[in-house]
Amino acid sequence: MSLAGEVMLVAGKDLRIEARARVTVSQVLPFGAIVLLLFAFALDPDRGRLAAVAPGLFWVAVLLAALLAIGRSFGIEQQNGARDGLRLSGIDGAAVFLGKTVAIGVQLLALEVVLGLGVAALYGVDVTSVPVLILAGLAATAGLAATGTLFGVLAAGLRTRETLLPLLLLPVITPVMLGATRAFESGLGGDASQAWPWIALLGLFAVLYLSVGVLAFGPLWEDT
Amino acid sequence: MSQRGRDQRGRDQGDQNTRLLNPLVAAGIGWATLVALVLVGLFGLWGAPPDKVQGDAQRLMYLHVPTAWLAYLAFFVTAVASALYLWPRTRARVWDRLAGVSAEVGVIFTALTLVLGSLWGRAVWGVWWAWDARLVTTAVLFFLYLGYLALRRVSGDPATGAKRNAIAALIAFIDVPIVHFSVNWWRTLHQQATVFNPALNPEIHGVMAATLWLGVLAFTLLYVFLVDRRYRLAALEDGLDDRELDRAIAARVGEVQTTGVS
C-alpha cells in the first residue's frame, strides 16, 4: 500500500473512533467553550478589552483543548492492545505519525471553527482578512498536530503522561502560539499585510516538525 | 571461588567505569575551579571599577554572563551527547548519562541566570522582569529542559528510555533557534530594543573585560567539575539497583544452601 493510503487508513481509523465515541465533540469542545467564558470572567467584558486580546485568548483556548485531544489520541491506543495491533499491522512508523497527525489536525480544525465563531460572537471582533485567518489557522494547526503527535508518543505508556505532556509540549510550541496570535491580530482588525511573515514562520515550524516526526516516530513507536 | 562469585566480580569490573574523568584530572579541575571562582569574587567585588552608569549593580554581570554561558554550553553538550547516543555506531550508556547530567546542570544555571538577571533588572531598570526577547527566550529554554528532565525521571526500561530521552533532547534543541527567532521578532516588531541595542551598549575594557573573561573561564571549569561529579553519582545510582539485587540473591542462595546441607 502506498504511504498516502496508509496515512489515510490510520487517520480514518482515529476519526472513525471519534465519530463513534464522540469524545472530542461531547467533552473537548465544551471544555474549549467554557474556557472562552472563563476569559470573560477574568477580564472585563464591557470595555472592549476582550476584543483587543481575542486572538490570544482564542489560541490559548485552542491550545488547552488540543492537549486533551492529543492525550485522547494516544489514550485510544492503550486500550484493548490497540497499540500492539497497529504495530503488528506492518504499517510504517512514518505513516502512523502522519495519519495520527492528520486525525488530530482535523479535530483541531473543527475545534477552531467552532471556537472561532464563539470568539466572534462573544468577544465582538472585526474580521479584516479571511484568507489570513484561514492560512494562519491551517499552518498553526499543522504545527500543533505534528508536535502534539510527536510528544504524544513520547509520553504514551508512561505513568505520568497526563501531567508530562503539557510540560513537554507547551514550551516547544511557543513559536506557534506567538505566530498564530500575531497573525490573527492582523486578520482581526489589524493590518493584514503584517501577517505574512508570521504565517511563513508557522509554515516553517510545521514543515520542520512534520519532518522530525517522520524520522523520529518510527523508533519511538516500535520501542516504547 | 564459585561460578557466581566470578561472574559477580567480572560484572563489577565491567561497571567500574563510573568516572567520566581520571580522578587526578578531576581533582585538578576542582582546585582550579575553586581558585578561579575566588579570583572572580575578588576582582568582581574590588578589582574592577564600578560602572559609570550602573554603579555597583553592574558587578552582577561578572556572574550573570558566565552562568548564561554555562547554561548554553550545557544544553549544547546535551544535544551532542544525545546525537551520539542515537547514532548506532557510538551508542553507549555514557552518552545518555552525560546528556541527562549536563541538562541538569544547565537547568540549574539557567534558573540562576534568570534570578541574577532579575536582581540586576530591579537595580538598573527598576523592574524584576521585562518582556525583553532574551529574557523570554531564556525562560522558555528553562521550561524546555525542565520538561526534558521530567521525562528522564519517569523510569522505565533503560534502553528504550535512553532512546526516548535522546530524541526528546534533540527535539528541544532544534526548537531553541525558532523560539529565539520568533520571540526576537515579536519583541522588535513593536518596539526597538533599548537596553540591548548594540549601538547603546558601551564596550567594556581593561579590568572589567578581564574579570568577565575570568568569570567565563571559572564557570566553564565549574561546569566540567559539576558534570564529572554528577556523572559519577548517576553511574553509581544506576549500579546500586543491580548490585543490591545481586547481593540479595546471593545471600538468599547461600541461606538455602546452608540450610539444605544441614
Side-chain angles (χ1 to χ4, degrees), chain A residues 56 140 143 146-147 149-151 153-183 185-186 190-191 194-195 197-198 200-209 211-213 215-224, chain B residues 75 79 82-83 85-88 91 103 107 110 131 133 135-190:
Chain A
T147 42
T149 310
L150 202 50
F151 282 108
V153 73
L154 259 172
L158 296 174
R159 273 176 292 115
T160 52
R161 62 180 172 279
E162 294 93 347
T163 41
L164 193 58
L165 182 66
L167 180 59
L168 287 174
L169 186 61
L170 293 182
V172 171
I173 55 171
T174 307
V176 175
M177 190 64 201
L178 274 177
T181 306
R182 296 288 92 76
E185 272 177 1
S186 306
D191 176 7
Q194 284 195 351
W198 290 111
L201 178 83
L202 290 171
L204 181 81
F205 186 93
V207 169
L208 182 73
Y209 277 96
S211 323
V212 171
L215 289 173
F217 194 88
L220 289 170
W221 176 248
E222 302 295 333
D223 285 354
T224 51
Chain B
F75 295 144
S82 299
Y85 184 84
L86 284 180
W87 190 254
R91 178 161 303 166
V107 163
T110 310
W131 292 95
L135 273 69
V136 178
T137 308
T138 311
V140 173
L141 197 67
F142 175 71
F143 286 110
L144 265 178
Y145 282 90
L146 206 61
Y148 168 71
L149 289 184
L151 178 70
R152 283 193 72 93
R153 191 158 300 173
V154 184
S155 62
D157 176 42
T160 57
K163 198 187 267 185
R164 179 165 50 205
N165 296 339
I167 291 174
L170 288 182
I171 294 173
F173 189 69
I174 57 170
D175 201 43
V176 173
I178 315 180
V179 169
H180 176 77
F181 180 68
S182 60
V183 170
N184 237 358
W185 220 2
W186 168 46
R187 293 314 301 172
T188 47
L189 269 184
H190 295 267

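Below, all heavy atoms of this structure are taken into account, side chains as well, without hydrogens, waters or symmetry copies. Per chain, numbering begins at 1; letters A, B, ... match sequence-line order.
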Contact origin within A:Val172 toward chain B - heavy atom pairs under 4.5 Å: both
With a 4.5 angstrom heavy-atom cut-off, could you sort out which part of B:Leu144 is near chain A: side chain, backbone, both or neither? both
To the closest 0.5 Å, what do you measure between CG (A:Leu201) and CD1 (B:Ile178)? 7.5 Å
Return the minimal non-hydrogen interatomic distance between A:Pro171 and B:Val140, and the atom names on each side. O-CG1, 3.6 Å
Tell me, side chain or backbone of B:Ile171 under 4.5 Å from chain A's heavy atoms, or both, or neither? both
CG of A:Leu178 to CG of B:Asn184, rounded to nearest 0.5 Å, is 11.0 Å
Could you report the tightest heavy-atom contact between B:Trp186 and A:Trp198, atom names first, then the distance? N-CH2, 3.7 Å
Test side chain to side chain donor-acceptor pair (under 3.5 Å) applied to B:Asp175 - qualifying residues, sequence neighbours left out: A:Tyr209
Non-hydrogen atoms of A:Leu164 and B:Gly147 that approach each other most closely: CD1-O, 4.4 Å
For A:Thr149, side chain to side chain donor-acceptor pair (under 3.5 Å) partners two or more places apart: A:Thr101
Checking heavy atoms, do the side chain of B:Phe181, its backbone, both or neither come under 4.5 Å from chain A? side chain
Non-hydrogen atoms of chain A under 4.5 Å away: do they reach the side chain of B:Ile174, the backbone, both or neither? both
Checking heavy atoms, do the side chain of A:Pro166, its backbone, both or neither come under 4.5 Å from chain B? neither
Between A:Leu208 and chain B, which part of the residue has a heavy atom less than 4.5 Å away: side chain, backbone, both or neither? side chain
Side chain, backbone, both or neither: which part of A:Leu169 has a heavy atom under 4.5 Å from chain B? neither
Is B:Val136 close to chain A through its backbone or its side chain, or both, or neither, when contacts mean heavy atoms under 4.5 Å? neither
Considering all heavy atoms, the nearest A:Leu167-B:Ala150 contact: CD2-CB, 3.8 Å
Any idea which heavy atoms bring A:Leu220 and B:Arg164 closest together, and the distance? CD2-CA, 3.9 Å
